[in-house]
Trainee: 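Before I ask anything, here is the structure I am working with.
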Amino acid sequence: MKKKLILQDIFIYPIKSLGGIRLAEGQVEERGFRYDRRWMLVDETGRFVSQREFAKLALLQVEVEESCLLVYQKMDPNQRVQIPLDRAEGEERQVIIWDDEVTGKVVNEESGKWFSEFLGFKVDLVVMPESSRRAVDPRYAVNEESVSFADGMPYLFIGQSSLDDLNSRLHHPVPMDRFRPNLVFSGGEPFLEDQLRKVQIGEVTFQLIKPCARCVMTTIDQETGIKGKEPLKTLSTYRTVNNKVMFGQNAVALNLGVVKVGDELISLD
């Protein structure tokens, strides 16, 4: 009898490149879980700011409260700022995320100043308005989906067995937060997600589209902000395809609804 696949963790990352939040249940929307990567830091040119260049962003944690996001420094939680959930007072401006240019709205002067002081250069915090549309690459979209400020796809699946397999090869195991997944499942052999195509979780069907190419962000310790060589160095020895290191599967949701930790993943292939 095959072991059941169970949804073990749900994560969202409300502000791109800042700390993630584990949820007991997630509201599935077309462009990603509710609140997932709907906010983003941009420099004066409008280009997105991420841990790839500024590893210290790992030191900022986010919590979702009733009417706001709370952001604080992990090393000094008294250093904090509140971000209104449903109100942005600044101007609309075009922002750049990889090859896409999309409309963002500046949240307010206070948040921009707080993040600028933390980073040491001028940034603004922008939110993606509901009216703003960033299309999933047509090569991978199923129903012309849109996506948030995530790198390219609304959802990322990883099996716990895949991380266990990687950690068995490392001198110092790494936690799942290095890979910033949205949905982590238990059960099944390592890299089973590579074989899944369509899965039912609770009331939602997801289509897994393509492997996720990994970058230097996986080498940043999310508790200290210190960058190393692992796990990318080891992953590259057995998970390289066309000179890209692959870990996890990008996905889209085929309908809306709620998924909960403990739900079973049922393959519809």
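Every heavy atom of this structure was used, including side-chain atoms; hydrogens, water molecules and symmetry mates were not.
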Trainee: For Thr219 and Glu230, which I'm curious about, is there any donor-acceptor pair between the side chains at under 3.5 Å?
Mentor: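 Judged by distance alone, the side chains do not pair up.
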
Trainee: For Glu30 and Ser146, which I'm curious about, is there any donor-acceptor pair between the side chains at under 3.5 Å?
Mentor: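 Distance-only check passes for Glu30 and Ser146.
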
Trainee: Is a side-chain N or O of Lys74 found less than 3.5 angstrom from the main chain of Ala58, in a donor-acceptor match?
Mentor: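 It does hold such a pair.
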
Trainee: Return the minimal non-hydrogen interatomic distance between Phe149 and Arg38, and the atom names on each side.
Mentor: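 Taking Phe149 first and Arg38 second, the nearest heavy atoms are CE1-O, 3.4 Å.
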
Trainee: With ILVMFWY side chains joined below 4.5 Å, transitively, what does Ile96's cluster contain besides itself?
Mentor: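 Cluster partners of Ile96: none, it stands alone.
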
Trainee: Any Lys/Arg nitrogen of Arg93 or Asp124 sitting under 4.0 Å from an Asp/Glu carboxylate oxygen of the other?
Mentor: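 Yes, this pair counts.
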
Trainee: Please check if any side-chain donor atom of Tyr238 sits under 3.5 Å from a side-chain acceptor atom of Asp165, or the reverse.
Mentor: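 Short answer, yes.
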
Trainee: Just by distance, with hydrogens left out, do Asn108 and Ser111 show a side-chain donor and acceptor under 3.5 Å apart?
Mentor: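 Result is yes, a qualifying pair exists.
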
Trainee: Any donor and acceptor pair, going by atom type alone, linking the side chain of Arg178 with main-chain N or O of Pro175 inside 3.5 Å?
Mentor: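 Checking the backbone N and O of Pro175 against the side chain of Arg178, no donor-acceptor pair under 3.5 Å is found.
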
Trainee: Begin from the C-alpha positions of Gln222 and Gln51 and carry the test side-chain hydrogen bond (donor to acceptor under 3.5 Å, both in side chains) through to its verdict.
Mentor: CA-CA 10 Å; Gln222 295 298 296; Gln51 284 186 42; 2.9 Å; yes

Trainee: Which heavy-atom pair separates Lys198 from Leu254 by the least distance, and what is that distance?
Mentor: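 So the minimum-distance heavy-atom pair works out to CE-CD1, 3.9 Å.
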
Trainee: Tell me if a side-chain donor or acceptor on Ser132 pairs with a main-chain N or O of Met128 at a distance below 3.5 Å.
Mentor: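 No; zero donor-acceptor contacts below 3.5 Å.
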
Trainee: Any salt bridge between Arg52 and Asp151, counting N to O under 4.0 Å?
Mentor: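 A salt bridge is present here (some side-chain N lies under 4.0 Å from a carboxylate O).
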
Trainee: Does the pair Asp177/Arg22 count as a salt bridge with the N-to-O cut at 4.0 Å?
Mentor: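 Here Asp177 does not pair with Arg22 in a salt bridge, since their nearest N and O are not under 4.0 Å apart.
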
Trainee: Would you call Lys122 and Glu117 a salt bridge, taking side-chain N to carboxylate O under 4.0 Å as the test?
Mentor: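 Answer for the salt bridge query: no.
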
Trainee: Is there a donor-acceptor contact under 3.5 Å linking the side chains of Tyr35 and Gln27?
Mentor: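 Short answer, no.
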
Trainee: With a 3.5 Å distance limit and no angle check, can you tell me whether Arg134 reaches the backbone of Ala150 through a side-chain donor-acceptor pair?
Mentor: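 Yes: the side chain of Arg134 pairs with the backbone of Ala150.
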
Trainee: Nearest heavy-atom pair of Lys56 and Leu119: which atoms, and what distance?
Mentor: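 Residues Lys56 and Leu119, closest heavy atoms: CG-CD2, 4.2 Å.
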
Trainee: Go through the steps to decide whether Glu53 and Arg47 satisfy the test salt bridge (charged side-chain N to carboxylate O under 4.0 Å, His left out), and finish with yes or no.
Mentor: CA-CA 12 Å; Glu53 293 89 17; Arg47 183 180 178 276; 3.7 Å; yes

Trainee: Would you call the rings of Phe185 and Phe157 parallel, tilted or perpendicular if under 30° counts as parallel and over 60° as perpendicular?
Mentor: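 Judged by the thresholds at 30° and 60°, the geometry between Phe185 and Phe157 is tilted.
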
Trainee: Give a yes or no answer on whether the side chain of Thr218 reaches the backbone of Cys215 with a donor-acceptor pair at less than 3.5 Å.
Mentor: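 Side chain of Thr218 to backbone of Cys215, a donor-acceptor pair under 3.5 Å: yes, one is there.
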
Trainee: Within a reach of under 6.0 Å around CG of Asn243, are more than 12 heavy atoms found that belong to other residues, nucleotides or ligands?
Mentor: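 Atom CG in Asn243 is not crowded, with 12 or fewer foreign heavy atoms closer than 6.0 Å.
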
Trainee: Do the side-chain N and O atoms of Gln200 and Thr205 include a donor-acceptor pair separated by under 3.5 angstrom?
Mentor: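 Side chains of Gln200 and Thr205: pair found under 3.5 Å.
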
